Q: 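Pasting a structure below so you can have a look.
This is a predicted model, so every value here is computed, not measured. Quick note: numbers below take in every heavy atom, side chains included, and nothing from hydrogens, waters or symmetry partners.
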Amino acid sequence: MKFELPKLPYEMNALEPNISAKTLEFHYGKHHQAYITKLNNLIPGTKFENASLETMIMEAEGSIFNNAAQVWNHTFYFSGLKLDKSSEPQKQVDSAIKSSFGSYTEFKDAFTKAAATLFGSGWVWLVKNAEGKLEIIQESNAGNPLREGLKPILTCDVWEHAYYLDYQNKRPDYLNAFWNLIDWDVVEKRFL
Ligand code: FE2
């Protein structure tokens with residue numbers, strides 16, 4: 001199966017000033033594309049030649065896992081963003097956040113802390129577990145919680161390539177901006 005770069009659901013400048021068009025041109029246009037190109041070059045002649053990204057995330061190791069997961073993770077990340085400062089968790093996610101973390105503020109603090117303290121490159125995830133509760137998970141490199149049987153509903157990319165052009169080494173400033181960009185309608189749909 002040949003994978004293609006999915007279209008962004010918004011224009012390149014739609015997330016400014018929180019994430020610039022220049023960052024998206026590199027992060028989406030170069031990095032996301034590069035994972036797709038590498039994956040398309042890796043899978044011919046392997047048992048994953050016609051596999052879905054999810055199958056490769058669950059079963060592959062090494063380069064195929066890394067590139068398949070990075071393709072999935074980036075599509076998931078970009079499709080969960082839009083510029084809407086007033087957006088807040090919707091019905092079901094709002095009550096799940098309150099029952100899992102106490103309050104939106106406590107959730108926000110815990111998620112921000114997980115993203116700020118993740119050493120090196122990786123992803124922070126908000127996931128729904130088998131009991132329907134929400135958890136915050138740190139994953140290094142291309143890590144994806146599907147492998148642990150968890151259902152991702154939101155992610156923040158904390159690889160430096162996600163923020164370096166806009167914020168240089170200041171990951172906390174990027175995380176601060178990230179809260180203006182969450183499309184809670186999408187998160188709600190993923191939760192249900
Ligand atoms: Fe990234």
Q: Could you tell me whether Arg171 sits above the aromatic face of Tyr164, with NZ or CZ closer than 6.0 angstrom to the six-membered ring centre and within 45 degrees of the axis?
A: no
Q: Donor-acceptor pair, distance only, cut-off 3.5 Å: does the side chain of Ser79 make one with the backbone of Thr75?
A: yes
Q: If I compare all heavy atoms of Met56 with all of Ala51, which pair ends up nearest, and what's the gap?
A: CE-O, 3.7 Å
Q: Could you go step by step and tell me if Asp173 and Asp166 meet the side chain to side chain contact (heavy atoms under 4.5 Å, CB included) rule?
A: CA-CA 9 Å; Asp173 290 0; Asp166 294 333; over 6 Å; no
Q: Could you go through Leu146 and Met58, starting from their C-alpha distance and side-chain angles, then the distance that decides it, and tell me whether this counts as side chain to side chain contact (heavy atoms under 4.5 Å, CB included)?
A: CA-CA 7 Å; Leu146 287 171; Met58 298 301 281; 4.1 Å; yes
Q: Answer with yes or no whether the hydrophobic clustering places Leu126 together with Ile137; edges join I, L, V, M, F, W, Y residues whose side-chain heavy atoms lie under 4.5 Å apart.
A: yes
Q: Please check if the side chain of Thr112 supplies one atom and the backbone of Lys108 the other of a donor-acceptor pair under 3.5 Å.
A: yes
Q: Does the side chain of Asn144 pick up a donor-acceptor pair with the side chain of Asn73 at under 3.5 Å?
A: yes
Q: List the atom of Ile182, the atom of Trp179, and the distance in Å for their closest heavy-atom pair.
A: CD1-CE3, 3.4 Å
Q: State yes or no: do Leu81 and Leu8 share one hydrophobic cluster built from I, L, V, M, F, W and Y residues joined by side-chain heavy-atom distances below 4.5 Å, directly or via other members?
A: yes
Q: Yes or no on side chain to side chain donor-acceptor pair (under 3.5 Å) for Thr155 and Glu139, after CA distance, side-chain angles and deciding distance?
A: CA-CA 10 Å; Thr155 194; Glu139 296 273 4; over 6 Å; no
Q: If you apply the rule side chain to side chain contact (heavy atoms under 4.5 Å, CB included), what do you find for Lys133 with Ser99, and how did you get there?
A: CA-CA 8 Å; Lys133 285 264 191 191; Ser99 73; 4.1 Å; yes
Q: Give me the ring orientation class for His27 and His74: parallel if the planes are under 30° apart, tilted from 30 to 60°, perpendicular past 60°.
A: perpendicular
Q: On a heavy-atom basis, which atom in Asn169 and which in Tyr163 lie closest, and how many Å separate them?
A: C-CE1, 4.4 Å
Q: Report the C-alpha distance between Val127 and Lys151 in whole Å, list the side-chain angles of each, state the deciding distance to 0.1 Å, and finish with yes or no for side chain to side chain contact (heavy atoms under 4.5 Å, CB included).
A: CA-CA 5 Å; Val127 300; Lys151 183 182 166 71; 5.8 Å; no
Q: What are the two closest heavy atoms between Ile64 and Ala60, and how far apart are they?
A: CG2-CB, 3.7 Å
Q: Looking at Asp94 and Lys98, does any basic side-chain N land under 4.0 Å from a carboxylate oxygen?
A: yes
Q: Checking side chain to side chain donor-acceptor pair (under 3.5 Å) for the pair Ser103/Glu106: CA distance, chi angles, key distance, verdict?
A: CA-CA 5 Å; Ser103 67; Glu106 284 168 279; 3.0 Å; yes
Q: Please report the shortest heavy-atom distance between Leu175 and Ala115, naming the atom on each side.
A: CD2-CB, 3.5 Å
Q: Quick one: do Arg147 and Glu61 make a salt bridge, cutoff under 4.0 Å?
A: yes
Q: How far apart are the closest heavy atoms of Phe111 and Ile136, and which atoms are they?
A: N-CD1, 3.5 Å
Q: Applying the 4.5 Å side-chain criterion to the ILVMFWY set and letting contacts propagate, would Tyr28 and Trp159 be lumped into a single cluster?
A: yes
Q: For the backbone of Ala114 and the side chain of Gln138, can you confirm whether one donor and one acceptor N or O come within less than 3.5 Å of each other?
A: yes
Q: Are Glu25 and Ser20 close enough that some pair of their side-chain heavy atoms sits under 4.5 Å apart?
A: no
Q: Look at the aromatic rings of Tyr104 and Phe107 and report parallel, tilted or perpendicular, splitting at 30° and 60°.
A: tilted
Q: Kindly indicate whether a cation-pi arrangement holds for Lys128 with Phe191, taking the cut-offs as under 6.0 Å to the six-membered ring centre and within 45° of the axis.
A: yes
Q: Linking I/L/V/M/F/W/Y whenever their side-chain heavy atoms sit closer than 4.5 Å, directly or via other members, would Tyr174 and Leu165 fall into one cluster?
A: no
